Every structure is written in structure tokens, then in C-alpha cells.
There are 2 protein chains.
Amino acid sequence: MNELLQYIHSLTAFSPESLALLQPALTQQTFNKNELLLKEGQVCRSLFFIVKGYCKSYYEVDGLVKNTGFFFENEIATNISSFGSGQKSEFNIVACEPLTVIVFDKEKLFQAAQQAPEIETLGRHCIRLFATKQEEFSNLFKLYSPQERLEYIETRHPAMLQRVSLSQLASFLGVARETLSRIRKRRSHV
Amino acid sequence: MNELLQYIHSLTAFSPESLALLQPALTQQTFNKNELLLKEGQVCRSLFFIVKGYCKSYYEVDGLVKNTGFFFENEIATNISSFGSGQKSEFNIVACEPLTVIVFDKEKLFQAAQQAPEIETLGRHCIRLFATKQEEFSNLFKLYSPQERLEYIETRHPAMLQRVSLSQLASFLGVARETLSRIRKRRSHV
DNA sequence: TTCATCCTGTGACGATCGTCACAAAAATCA
DNA sequence: TGATTTTTGTGACGATCGTCACAGGATGAA
């Protein structure tokens with residue numbers, strides 16, 4: 001819970017009263033490795049603030065898993081599109097390690113936000129961070145080659161490399177597993 | 001102005017009082033073709049609601065232009081990262097046609113939002129739409145090949161193809177101009 | 001109209017990538 | 001510990017891509 005408080009205060013001013021109003025919307029929850037937080041076809045009604053562990057979002061296309069995002073401690077994982085619009089989710093979110101999260105329930109969150117503008121503001125900042133992250137990784141593909149994308153992750157998100165296997169990362173970077181292997185090889189020879 | 005009202009009402013309940021409070025934050029503005037709305041190195045202090053025309057965001061890497069987004073009528077263009085954090089923008093936004101926009105001034109917008117929760121909620125929805133769009137195009141690269149990406153644009157965003165030249169689109173899809181030409185050729189022969 | 005500019009198509013060629021296959025290494029678990 | 005599973009590396013090969021170069025067509029301005 002402490003982690004969440006720090007996260008909130010890093011984003012916006014937040015009074016004890018607002019916190020008391022927010023409280024009913026929050027639940028701590030744990031997931032085993034490979035357990036689903038959100039399943040394709042379901043409507044996403046939660047924000048998952050990650051306390052410990054990490055999870056990923058992935059599509060299944062023609063039976064193949066395509067990773068689209070990784071989410072670590074002190075980040076929020078969700079399907080922002082489904083959460084916002086009420087449409088069914090097109091992808092899954094799954095725990096990659098034993099996972100502890102604080103769940104924001106959408107309906108209760110909205111009720112609380114109507115009573116405290118600070119909560120509404122918090123929500124806006126959470127979505128803003130989410131949008132910023134999406135933009136960052138989206139631009140990776142438009143600006144850089146596969147090798148440069150790997151280098152970007154290595155320099156800007158080294159923690160991701162330490163926790164995510166090369167195979168998992170490959171799909172996130174939009175290339176074959178073997179390609180990342182060869183990029184490493186090419187570099188070490190030069 | 002009518003377009004903006006429709007846009008707002010499509011997102012959230014909005015009273016005449018809120019509108020009156022929002023009004024001071026809004027300015028109508030026009031740009032010539034190739035005129036910059038936001039320049040690399042500047043801090044983004046505006047949301048640009050597009051009334052007529054379209055614009056694009058682009059990076060300049062090694063003197064080369066890399067398009068990262070196109071924004072059309074009834075959408076909001078901005079650098080969400082710079083707007084939210086106050087950091088300098090890493091990219092430019094430029095009018096691709098004669099452009100008419102309604103500018104939301106950040107500071108005045110935040111003042112207004114403090115007085116009317118509906119405005120805060122509106123802001124949240126605007127960012128949400130922005131995040132959803134980012135996510136959509138980000139996933140294009142993780143899920144699809146260049147050919148499938150082109151087909152996605154053709155079926156889901158046909159209007160974009162009609163207004164954006166193939167050369168401009170290529171950079172947005174992360175491939176060379178010639179590649180899109182050849183994809184077209186390959187398909188027509190089969 | 002004429003000129004300049006922009007956009008698209010295309011050929012050639014080398015580089016990179018995806019796929020398939022298999023082996024080695026590492027991690028996991030009983 | 002040993003057995004199983006997962007992950008990584010690598011070779012071969014065909015497909016695709018990026019780059020360079022050039023030509024033709026479209027567009028727009030003088």
C-alpha cells in the first residue's frame with residue numbers, strides 16, 4: 001500500500017480525505033505465474049497497480065503469442081481502450097511472475113472521482129503516463145531498426161532485459177527470436 | 001466551434017456553465033501548409049483540436065524526416081508527453097494542409113478544470129482517446145508485417161490513404177517508400 | 001503554356017530477416 | 001541429485017527489405 005501512496009503523491013496533490021474516498025475502490029490481489037489478469041473477450045473493469053512482480057499484455061494471432069507490453073513494479077497495467085470504452089478486450093494480460101497488485105475497480109473509482117476532484121485528476125495523470133509509455137514504444141518502430149530498438153531497450157530500460165527473456169522480448173520488438181541472437185553476435189564480432 | 005461542441009458532448013456530459021468556464025482557454029487559429037504548430041525543443045503548452053485540414057508529427061533523425069502520427073478533423077493533436085511533463089518536445093508538429101484549429105491553452109485549461117469537474121473529466125477522456133490511438137498504431141508493428149500494416153490502414157483508415165501520400169505513409173509504417181510500391185505490385189499480380 | 005517540384009514505379013544489388021531444424025546451455029522441478 | 005523443460009545459439013535458404021539510381025506522371029506556380 002505504501003508503494004501506491006508514493007506513486008499517487010508523485011503524480012498529484014492528494015489529501016487524506018481523498019484517500020479515504022478512494023479506499024473502497026481498492027483491493028489487494030495476488031496472481032500465480034501464468035495466471036490471467038484479463039482475458040481476451042472480457043471487458044476490462046480494472047486498473048492493476050503493480051506492487052511486486054511483472055506482467056505482460058499479449059495477443060494470440062493464428063495461435064501465436066505476440067507480446068505488446070510489459071508492466072513492472074509501480075506501473076499500472078490495463079487495457080485502456082476496453083477500460084475506457086467498455087468494449088471487449090482484444091488481448092490478454094498475464095502474470096509473468098508471482099504477482100501482487102492493487103486493483104482499482106472502475107465503477108467504484110468513478111463514484112469516488114465524482115466526490116473528489118483530486119481523484120479525477122489522479123486518473124487523468126495515470127492515463128497520461130500510460131499514453132506516454134505507448135507513444136515511446138510506438139515510436140521505436142518508426143524511428144529505429146531492429147538493432148537500434150534492442151540498443152534502446154538496453155540503454156533506456158535495462159531492467160526489462162534482466163527480467164524478460166530474449167524470446168519474450170523479440171515478439172515485443174516485432175522481430176524473430178533468432179534475429180536478436182544474430183544482432184548480439186554481429187555486434188560482439190565488431 | 002460547432003465541431004468542438006459535438007466532440008465534447010460525444011465524450012462526456014457538459015453543462016453551459018462548464019462551457020463558459022472553458023471558453024477563456026480556447027482560441028481559434030489557422031496555419032499555412034508547412035507551418036509548425038510545435039517545434040522540437042519547445043515545451044508543448046497546447047492541445048490542438050482540428051477543425052479543418054490535417055497535420056502530422058515527425059522526428060528529424062540524421063536530417064531525415066520520420067513521421068510518427070497523422071491527425072485529422074475532430075481529433076486532438078499534441079505532444080502528450082511534453083504537455084503533461086513540461087519537458088521539451090522531441091518532435092515537431094506541422095500543418096500538411098491549410099489548417100484551422102481550436103487551441104486549448106494548458107494553463108487556462110487547468111485553471112478552468114479546477115473550477116468545474118466536468119472539464120477535468122473532459123481532459124481525461126481526451127487523453128484516453130489519445131492513448132487508445134497510440135496503442136492501436138503501436139500494436140500494428142508488433143502484430144503485423146509491412147504488407148499487413150498497409151492492409152490495416154486500407155481497411156480501417158481508408159481516409160488516411162486518400163489524403164496522405166504513399167511517401168509520407170511509408171515513414172509512418174516504418175518502411176521505405178519503395179517497399180509500399182512493391183507491396184502494391186505484388187498484390188496486383190496475384 | 002512552361003518550368004520546377006513532388007510523387008510513384010521499377011530495376012539492380014547487397015543486407016537483413018523469417019523460417020525450419022537441431023544442438024547446446026540454462027533454468028526449473030521432482 | 002537427475003530429469004525435464006525452457007531458453008538461446010547457429011547454420012542454411014529463400015523471401016523481403018533498404019538503398020541507389022533513374023524515368024515518367026502529376027501537381028502547382030509563374
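Just so it is clear, the structure is predicted and the values come from calculations on it, not from any experiment. Naming convention: chains lettered A, B, ... in sequence-line order (proteins, then strands); numbering from 1 in each chain.
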Whether B:Lys106 engages the ring of B:Phe83 as a cation-pi pair (distance to the six-membered ring centre under 6.0 angstrom, angle to the ring normal within 45°) should be assessed.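 Yes - B:Lys106 lies over the ring of B:Phe83, closer than 6.0 Å to its centre and within 45° of its axis.
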Separation of [N] [atom2] from [X] [atom1] (nearest whole Å):
X: A:Ile183; N: D:dT8; atom1: CD1; atom2: P; result: 14 Å
X: A:Glu178; N: D:dT16; atom1: CD; atom2: P; result: 17 Å
X: A:Leu150; N: C:dT16; atom1: CG; atom2: C1'; result: 15 Å
X: B:Asn34; N: D:dG28; atom1: CG; atom2: P; result: 13 Å
X: A:Arg182; N: C:dC17; atom1: CZ; atom2: C1'; result: 8 Å
X: B:Glu148; N: D:dT16; atom1: CD; atom2: P; result: 12 Å
X: B:Leu161; N: C:dC7; atom1: CG; atom2: C1'; result: 15 Å
X: A:Leu64; N: C:dT19; atom1: CG; atom2: P; result: 8 Å

With a 4.0 Å cut-off on N to O distance, would you call [X] and [Y] a salt bridge?
X: A:Arg124; Y: B:Glu120; result: yes
X: A:Glu75; Y: A:Lys133; result: yes
X: A:Arg163; Y: A:Glu73; result: yes
X: B:Glu3; Y: B:Lys52; result: no

Side chain of [X] (C-beta onward), nearest among [options]:
X: A:Leu166; options: D:dT8, D:dT19, C:dT8; result: D:dT8
X: A:Arg186; options: C:dT10, D:dT10, C:dC17; result: C:dC17
X: B:Pro146; options: D:dT8, D:dC17, C:dT8; result: D:dC17

So, does [X] get its side chain near the phosphate of [N], meaning an N or O under 4.0 Å from OP1 or OP2?
X: A:Arg177; N: D:dT8; result: no
X: A:Ser167; N: D:dT7; result: no
X: A:Lys185; N: D:dG11; result: yes
X: B:Thr179; N: D:dC17; result: no

Net bend of the helix from C:dT1-D:dA30 to C:dA30-D:dT1, end axes of five pairs each, nearest 10 degrees: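 About 60° separates the two local helix axes.
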Below 3.5 Å, does any donor atom in the side chain of B:Gln168 face an acceptor in the base of C:dC7, or the other way round?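 No, no donor-acceptor pair under 3.5 Å.
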Please confirm whether any donor atom in the side chain of B:Gln147 sits under 3.5 Å from an acceptor in the base of D:dC17, or the reverse.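 By the distance-only test, no, there is no pair.
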Cut-off 3.5 Å, side chains only: do A:His157 and A:Glu136 have a donor facing an acceptor?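 Per modelled atom types, A:His157 and A:Glu136 side chains form a pair under 3.5 Å.
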Is the ring pair A:Phe48/A:Phe31 parallel, tilted or perpendicular, if the boundaries are 30 and 60 degrees?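 Ring orientation of A:Phe48 relative to A:Phe31: perpendicular.
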Considering non-hydrogen atoms only, spot the tightest contact between B:Ala20 and B:Pro24 and give its length.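 It is O-CD, 3.3 Å.
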Within the 4.0 Å heavy-atom criterion, would you say B:Ser165 contacts the bases, only the backbone, or no part of the nucleic acid?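 Contact class for B:Ser165: sugar-phosphate only.
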